Amino acid sequence: MNGSMASASATSSTLVSAPSACPSKKKTAAARFRCHTVSCRATGGGGRGAIDGLLWLPRRDVMLNGLSGVAAGLAWYPGLADAECTRADKVNENTVQCTDTEGVLPCPLVSATAPVVDFMPEAKVTRVRQPVHLLSREYQEKYKEAVEKMKALPESNPLSFAAQAAIHQAYCDSYYSYHRSSSRSAAAAKDDPTFDVHFSWIFAPWHRMYIYFYERALGQLIGDDTFALPFWNWDAPAGMVVPPLFSEGSTASNPLYDANRNPANLDALIDLDYLNDQDAEPIPFKGPNDEKYKKLVNKNLSTVYNQQVRKGAESFLGEKYCTDLGSSTSSMGSLERMAHTAVHVWVGKAGPTPATATCSEASGGVPNHSKPGAYSCNNDMGFLGSAGRDPLFYSHHANVDRMWHLWSTRLGGGQGITDTDWLDASFVFYDDVKSPRKVRIKFRDVLDTRDLGYTYDVEVDRDLPWLRPKITTLVPHGKDSGAPARSSAAAPVFPLALTKGQVVEVPAVAVPAREAGKEQLLVIDGVEFDPQANNKFDVAINVPADKALQVGPQYKEYAGSFAVVPGSGAGGTRKGKVSLCITDVLYDLDAEDDSTVDVVIVPRTAAKVTINVRPTIKNRN
């Protein structure tokens, strides 16, 4: 065990106390400081104070407050006029079931008859996750050995590498549906909504469970209960490249190698805002450290900063999976839709091989189960149905999990959501390679990584460079700054189909006066998109149309993005929304007292995206 591991093993996760609140009003120009700081972004509300040493952040319910101003626009769009998610159904192995009854689809557990045992917390922390690029040669070889042995297991073993990949494929690519009633008829069963662990508050805890059992299996295969899954820390400049450990050699010589990656990006500085410009020339990771290189590093740090420093639990983790309305009102948190999505698309194979070929099995395509005879060639990491086939996926998600861990502890997020529909949601996974057994584990079981027997290297996390990126403004703001005039564009008509590169200005969106203990949330509801394609649009506040294409996380006007990893999506379009906490954005733009703001939508991809409802701003607990 190296020094940092020993240090981390001896130290349990340090939980922060509540930082000081942001000032509510600005004094003078000299006294003004940016509210984009950890202390501001991590400030809680609701009078709860600290709980068990964790700063409580107010929960975010899916509410449509103040419907009077938008009711007419919502009523004609199915499911939105009364979109509050109130159904009390629970997500568990009885309600979430495979759509196949004959064992053809890769649904784990579908034919298993063994009893299920409930998860028991681990007695102590025995595993410390480290960044891949800092692993010793000995640990690298241990990692390779573990994955090689997992790949050698027969596919019938539920802890084989093939079976582990199938778990992600099944739960993330519409092989499951949500059963509203156990006594429903066969005809009614056809109307059950497809189930996906993306696009809602299920994302973070499900993936934590998934890689937890994967990590345990690797350790069991090499007889080392201290083995911890290394994480790819793309959030630090030294880790902003596909780790050489995964790209060296070949499929035959390196069990961590995967041929279905985008070769143009393997040795390039990663772009965590990648979908903004997929045609940009990659910057070599070990190339000259020039201004272009530095700007991309800063944009990456700004992306992680905007992703991580969120006041609301559901703004970060995602909103409620609505069982009565399917996924039509679900919303991804910033943890899912920002760096996580960009990394998937960055790594994944960019199309058929050769590039001129039609996507098919012969050109490396993955069958699309929702459209017989159709294939996806944006695999492995670039497609939900095949992402788990790349060993890098698991180290990528170990870092996504670390982002949640840091948000909960270092940034004061604490427990996060208290809704029992979330805490009591459960899934069943296999444990124990030699004698596989089924284990039922609830979200409440995974809130603290120490209960799962692992933590992250505290020495590595002592300094987080994304807490201090350089974030500037595109244009002046404020009454005395010489700011450009507000938009005079005509209000767009909804529903509205987005076109790549064509900025949409929504002028004079009403801003309700901020209520004590509440945050201001920009909601774009009724987003309809093709889940089989790369989808992304950015959202900005008070940006002139001629500057909007420059918007990105490195600018204060940036409010957030909508982006997804492609999947089959059950063969049709998908409906959802994006909810962006803009309290601090308004502060930074000297607009916190304005009665209206201009909302600018910037389409980044050519995929078909339709927005059915005018954006609104509301107060929410």
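All values below were derived from every heavy atom in this structure, side-chain atoms included, with hydrogens, water molecules and symmetry-related copies excluded. Small disclaimer: the values here were computed from a predicted structure and weren't measured.
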Less than 4.5 Å apart, any side-chain heavy atom of V602 and any of L549? yes
Side-chain heavy atoms of S334 within contact of S579, under 4.5 Å: no
Residue from L272, V304, N298, N300 passing side chain to side chain contact (heavy atoms under 4.5 Å, CB included) with W466: V304
For the pair W422 and W201, name the ring-plane relationship: parallel under 30°, tilted 30 to 60°, perpendicular over 60°. tilted
Among D235, T449, T455, which one satisfies side-chain hydrogen bond (donor to acceptor under 3.5 Å, both in side chains) with R402? D235
Is the closest basic N to carboxylate O distance between K547 and E557 below 4.0 Å? no
Under a 4.0 Å N-O cut-off, is there an ion pair linking R410 with D461? no
Below 4.5 Å, heavy atoms only, C-beta onward: do M338 and M332 meet side chain to side chain? no
Let me know which of T573, V564, T610, L498 forms a side chain to side chain contact (heavy atoms under 4.5 Å, CB included) with F529. V564
Distance flag, aromatic centroids of H397 and Y210, threshold under 6.0 Å: no
Which of N542, D588, V543 passes side chain to side chain contact (heavy atoms under 4.5 Å, CB included) with H477? Answer is N542
Minimal heavy-atom distance between G318 and I417, with the atoms involved, is O-CD1, 4.2 Å
Between CG on residue N612 and CZ on residue F494, distance to nearest 0.5 Å: 9.5 Å
Is the closest side-chain donor-acceptor distance between Q307 and H340 under 3.5 Å? no
Do T605 and N535 have side-chain atoms, one donor and one acceptor, less than 3.5 Å apart? no
Could you tell me if the ring centre of F537 sits under 6.0 Å from that of F562? yes
Any ion pair linking R486 and D598 (charged N to carboxylate O, less than 4.0 Å)? yes
Can you measure from CD1 (I601) to CD (E505) and round to the nearest 0.5 angstrom? 11.0 Å
Within the 4.5 Å heavy-atom criterion, are C172 and D196 side-chain neighbours or not? yes
What residue among K618, R514, R620 forms salt bridge (Lys or Arg N to Asp or Glu O under 4.0 Å) with E519? R514
Atom OH of Y558 and atom CD1 of I582: how far apart are they, to the nearest 0.5 Å? 13.5 Å
Could you label the plane-to-plane angle of the Y171 and Y176 rings as parallel, tilted or perpendicular, counting under 30° as parallel and over 60° as perpendicular? parallel
Side chain to side chain, F443 and L423, heavy atoms closer than 4.5 Å: no
Tell me whether K536 is salt-bridged to D273, with the criterion being a basic N under 4.0 Å from an acidic carboxylate O. yes
Residues R468 and D463 bridged, charged N to O under 4.0 Å: yes
If you look at every heavy atom in S315 and L521, which pair is closest and at what distance? OG-CD1, 3.9 Å
Kindly indicate whether the side chain of V91, heavy atoms from C-beta on, has any atom under 4.5 Å from the side chain of Y321. yes
Do W234 and H396 get their side chains close enough for a donor-acceptor pair, meaning under 3.5 Å? yes
